[in-house]
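Protein chains get the first letters and strands the later ones, always in sequence-line order, with residue 1 at the start of each.
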Amino acid sequence: MDKTKGCGQDGHLSHQGLKLSTSGVNIMASMEGRDPSCSSLVKDALADHEKPGFKLCSYVERFSETHAGPIPIIKSGLGKDDLFSTFHVRWGIHRLNYTVAPGLYGIGNPGRTSEVLVTANFKLTFDHLRKALPHTSAWILVLDTKGINVWCAAGKGTFSTRELVKRIEDCSLEKIVDHKRVIVPQLGATGVSAVDVKKQSGFRVVYGPIRARDIPAFFKNNRRADQKMRQVSFTLYERFILTPVEIKNALKPACITSLVLFVVSGLGPGGFSFSGAWERGLLSVLALATGIFSGGFVTPVLLPYIPFREFAAKGIITGSVFAILLMVAVSPAINGMAGSGALFLFSLVISSYLAMNFTGTTPFTSPSGVEKEMKRFIPVQVAALAVSTGLWICSAFK
Amino acid sequence: MKELRYLDNVATLVLDEEKCIGCSLCTEVCPHAVFEMKQNRASIVDLNACMECGACVNNCPSGAISVSPGVG
Ligand code: SF4
Ligand code: SF4
């Protein structure tokens with residue numbers, strides 16, 4: 001176990017170093033209910049772990065000596081840096097940098113009988129977990145999931161039996177706790193086989209609740225999760241928080257599409273006209289933006305309230321509403337039915353396509369279902385796009 | 001997740017009740033309450049809620065469950 005976790009070289013992380021004043025304050029705040037006299041010890045203990053070329057992560061509170069060497073004990077409360085990184089992660093900025101070094105951590109005052117909670121090394125997952133454990137003492141075993149959350153990593157095979165067994169061995173877990181039990185988040189079950197982990201490491205996997213905030217209740221209930229803790233949810237907030245990345249992922253293809261739109265819009269009776277490209281191009285880009293807003297934001301957020309099961313169909317419904325609004329807004333600038341129809345259809349197709357794309361992000365769509373939906377709707381979308389392009393070019397010749 | 005359901009009659013989940021040894025692990029790992037224990041055996045109670053994540057398949061000690069997403 002390395003004692004000082006390299007925290008990444010990013011500029012915004014550089015102030016996370018060993019500033020005793022700030023870490024002192026944090027320590028006091030999170031030491032409520034414990035012996036306050038050890039706060040000075042803590043500072044010394046932290047200073048002991050300074051190493052050239054390494055930076056202590058801001059979430060480390062102190063180190064605990066165990067039979068398997070010193071283990072970093074982390075804070076439960078989130079600091080300013082953590083909230084800042086949350087914002088970045090949600091918008092998909094430098095996503096890969098928001099990782100936690102894999103290995104064993106502790107929270108509270110973990111001892112030989114404390115539970116071992118397994119998690120992913122995605123910073124938000126890690127933050128979520130520690131935030132849920134303000135008055136709990138436990139060990140936290142962070143697997144190397146390449147900075148991806150538990151569920152996605154389990155699907156991709158990085159949150160796996162192999163990785164779990166390897167980490168248990170690497171950190172000599174048997175020297176740290178007297179029991180033979182690890183608590184794996186239920187959503188990790190897609191990548192983990194409890195039987196195989198037991199066979200290979202001797203540790204028994206107990207599946208914990210889906211949501212970190214249910215962990216204290218799970219402990220109180222003798223490590224049993226009730227039905228509610230076992231079922232995924234996909235609330236309005238959960239859907240909303242996923243939309244920034246959806247929109248951001250759509251931006252690059254949208255820029256390329258916009259270029260094409262300007263070119264296509266320039267075609268007219270006199271060959272290519274720059275004024276046409278500009279004026280009509282802007283209109284079509286507006287239709288594109290409407291479609292992105294409708295399919296990438298509104299449809300995901302309002303998902304259960306829009307009729308039909310197929311996401312592509314939901315996207316068409318929302319898309320129509322916004323396309324009508326668009327028509328009302330720009331009708332003075334468009335001449336004739338062909339042009340209006342073209343923009344209407346185009347905005348609809350974008351909305352439908354992006355809504356369909358969202359099937360990849362939800363926790364309830366089966367791959368077989370997605371395949372069926374795509375087989376049905378992609379031809380429709382392609383046909384509508386072709387008609388829309390035809391109409392748009394025609395409308396320039398009037 | 002009552003209000004959010006995806007397509008019906010597409011899930012490829014199959015349970016061989018003969019092979020089931022009644023450990024109830026599948027009811028623990030499934031995020032959509034697809035299984036219930038009935039007379040010490042697992043039984044599929046909500047097939048259409050299955051998202052083919054494979055958690056049950058991975059953890060069933062007797063190989064009684066299968067899913068084949070993307071086939072058919
Ligand atoms: S594949 Fe996943 S959703 Fe389907 S029954 Fe198994 S655990 Fe439940
Ligand atoms: S996991 Fe397998 S053996 Fe255990 S109850 Fe489910 S089907 Fe039966």
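Between A/Arg309 and B/Asp8, some side-chain heavy-atom pair lies under the 4.5 Å cut-off.
Taking both residues in full, the closest heavy atoms of A/Leu187 and B/Pro31 are given as CD2-CB, 4.0 Å, listed atom of the first, atom of the second, then distance. Closest of all the heavy-atom pairs between B/Ser68 and A/Ser368 is O-OG, 4.4 Å. Listed here is the closest heavy atom pair of B/Thr27 and A/Arg230: O-CD, 4.3 Å.
Distance check: B/Leu4 CG to A/Phe234 CZ gives 7.5 Å after rounding to the nearest 0.5 Å. Separating the OG1 atom in A/Thr365 from the CD atom in B/Glu52 is a distance of 10.0 Å, to the nearest 0.5 Å.
Heavy atoms of B/Cys50 lying under 4.5 Å from chain A belong exclusively to its backbone. Of the atoms belonging to B/Asn9, not a single heavy atom falls under 4.5 Å from chain A. Heavy-atom distances place the side chain of A/Thr359, and not its backbone, under 4.5 Å from chain B. Heavy atoms of B/Cys56 lying under 4.5 Å from chain A are absent altogether. Proximity to chain B (any heavy atom under 4.5 Å) is restricted, for A/Val192, to the backbone atoms N, CA, C and O.
A donor-acceptor pair is defined here as one N or O able to donate and one able to accept, closer than 3.5 Å; no such pair exists between the side chain of A/Glu310 and the backbone of B/Leu7. B/Asn59 contributes no side-chain N or O that, together with a main-chain N or O of A/Val195, makes up a donor-acceptor pair within less than 3.5 Å. Side-chain N or O atoms of A/Gln186 include one that pairs as donor or acceptor with a backbone N or O of B/Val29 at under 3.5 Å.
For A/Tyr353, the OH atom counts as loosely surrounded, since its 6.0 Å shell holds 12 or fewer non-hydrogen atoms of other residues, nucleotides or ligands. The neighbour count for B/Met37 CE, taken as heavy atoms of other residues, nucleotides or ligands under 6.0 Å away, is above 12. Residue-environment remark: NZ (A/Lys228) stays at or below the threshold of 12 foreign heavy atoms within 6.0 Å. Heavy atoms of other residues, nucleotides or ligands lying less than 6.0 angstrom from CZ of A/Arg181 number more than 12.
Across B/Gly54, B/Cys53, B/Cys60, B/Pro61, the residue that shares the most heavy-atom pairs under 4.5 angstrom with chain A is B/Cys53.
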